[in-house]
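Step one of this worksheet: look at the structure below.
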There are 2 protein chains.
Amino acid sequence: MSLNQTAYAILGVLSFHPRQTGYHIRKTVESSVRYFWSESYGQIYPTLKRLAGDGLIEPCGPAGKKGAQEYSITQAGRAALEAWLALPYREDPQRNEFLLKIFFGIQAAPEVAINHLMNFQQRTRQLFGTFTELEKLAIQHNSQEPGFPYWHLTLDFGLTQLRASLEWSERALERLNQLQPQPASK
Amino acid sequence: MSLNQTAYAILGVLSFHPRQTGYHIRKTVESSVRYFWSESYGQIYPTLKRLAGDGLIEPCGPAGKKGAQEYSITQAGRAALEAWLALPYREDPQRNEFLLKIFFGIQAAPEVAINHLMNFQQRTRQLFGTFTELEKLAIQHNSQEPGFPYWHLTLDFGLTQLRASLEWSERALERLNQLQPQPASK
DNA sequence: ACACACATGTAATTGGTTACATGATTTC
DNA sequence: GAAATCATGTAACCAATTACATGTGTGT
């Protein structure tokens with residue numbers, strides 16, 4: 001045993017949607033959890049074989065036996081997913097290159113950190129727009145599904161962090177600009 | 001050429017503190033950027049050799065030639081660091097197992113997600129206390145150093161995100177508890 | 001004498017991405 | 001018939017952690 005995170009991500013996806021191909025699983029990840037999770041084909045296909053070998057998912061041929069291989073989660077698979085869900089979550093050590101560059105900011109010209117911050121701010125704003133839109137769409141189309149409150153929580157987490165990032169970036173830019181007083185024009 | 005992130009983290013540390021051993025560099029990382037960056041000895045020692053070979057740092061024996069090997073950054077090293085700082089920061093794809101477990105929350109008993117959230121909240125509170133203390137200490141002891149405004153920014157980022165996390169976790173717990181209405185006692 | 005911090009290094013393993021290779025099916 | 005999308009898989013590579021191995025110096 002001892003499955004990796006990809007395995008549980010796959011089980012999670014299959015717990016909502018039966019009969020998915022490896023290709024489709026990736027699409028699902030991309031269109032649901034992509035802002036805090038990602039999977040590559042290089043991980044998905046080997047892991048599908050592995051999961052099938054362990055009996056946690058089962059291949060179910062697509063009607064005519066030809067074409068794409070679809071998988072569904074088994075009872076054992078659901079049990080494994082549940083057991084994993086109850087385990088303490090792992091905090092993977094985060095490496096934030098953006099913050100590292102800010103931290104070492106004094107070693108470069110002042111514009112360098114200011115530029116990074118402006119990029120960060122712009123990206124944050126853009127993401128905020130995207131998330132707001134996603135939330136609206138999710139409420140319109142998925143709010144009746146049983147999993148919705150949980151999905152919504154993760155979206156709300158993103159929105160809350162983005163708001164905080166925006167607030168911080170404004171303060172940060174002010175401070176950096178004060179460090180570097182503009183020559184009074186005229 | 002083409003150095004990895006560890007190399008730049010090392011150059012950054014040496015740009016502030018000359019004459020550090022590999023061991024000491026790790027301590028410095030642990031006591032400064034540890035909340036958004038980490039390095040292991042398994043990365044540091046090979047990278048030091050590499051950097052020395054490239055002439056970006058130079059070994060400088062500790063007085064008596066015996067004992068630990070210390071390194072200092074060279075002019076070329078400073079140039080490399082500056083060039084890297086000016087490059088767009090890389091967004092490493094983040095994987096957040098906590099959020100993934102929340103997202104799949106409906107697949108487990110309601111207490112499972114609630115437990116994760118309570119852990120998250122407690123950890124966030126604890127970190128908030130730590131950061132507040134760190135900020136106080138930094139203002140007391142380092143506020144005159146030229147790099148301080150930049151360090152302070154990263155600390156402020158942490159505090160801002162933690163405040164947002166706390167706010168979110170309270171809202172999230174409320175919602176989850178509503179989903180699971182307590183049986184009225186008596 | 002013991003424990004702890006200082007100090008260095010390597011090998012094994014993990015966990016992942018990217019690029020490559022291939023081909024079927026659908027849509028314009 | 002061309003292009004896009006669906007679909008699967010592997011090999012090469014990368015960056016990093018962990019465990020292991022070893023030893024010195026300092027303080028109690």
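Please read all numbers here as calculations on a predicted model, not as lab measurements. Convention: sequence-line order gives letters A, B, ...; per-chain numbering from 1.
In this structure, L3(B) places its CG atom 14 Å from C1' of dA15(D), rounding to the nearest Å. Summarising the geometry, the separation between CZ on R19(A) and P on dA7(D) is reported as 13 Å, rounded to the nearest angstrom. If you measure from atom CH2 of W37(A) to atom P of dG15(C), you get 11 Å, rounded to the nearest angstrom.
For Y35(B) and F131(B), the ring centers sit closer than 6.0 Å to each other.
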*Spell out protein contact along nucleotides 7-12 of chain C as letters: B when the base is contacted, S when just the sugar-phosphate is, - when no protein heavy atom is under 4.0 Å; keep the 5' to 3' order.*
BBBB--
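For the ring-ring contact (aromatic ring centres under 6.0 Å, His included) with Y89(A), the lone residue among F104(B), F103(B), F98(B) that qualifies is F98(B).
Around the CD atom of Q140(A), the shell of radius 6.0 Å holds more than 12 heavy atoms that belong to other residues, nucleotides or ligands.
Looking at E174(B) and R171(B), no side-chain N of the basic residue comes within less than 4.0 Å of a carboxylate O on the acidic one, giving no salt bridge. Electrostatic pairing of K27(B) and E30(B) does not count as a salt bridge here, judged by no charged N lying under 4.0 Å from a carboxylate O. Ion pairing of E167(B) with R163(B) is absent here, as no side-chain N (NZ or NE/NH1/NH2) approaches a carboxylate O to less than 4.0 Å.
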Grab the N/O contacts between the protein and nucleotides 22-24 of chain C below 3.5 Å, and write none if there aren't any.
none

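Note on S2(B): every side-chain N or O is 4.0 Å or more away from OP1 and OP2 of dC14(D).
L3(B) CG to L11(B) CG: the interatomic distance, rounded to the nearest 0.5 Å, is 7.0 Å.
Listed by chain and number, the residues in a side chain to side chain contact (heavy atoms under 4.5 Å, CB included) with K49(B) are Y71(B) (sequence neighbours excluded).
At a threshold of 4.0 angstrom between heavy atoms, the contacts of T47(A) with the nucleic acid are absent.
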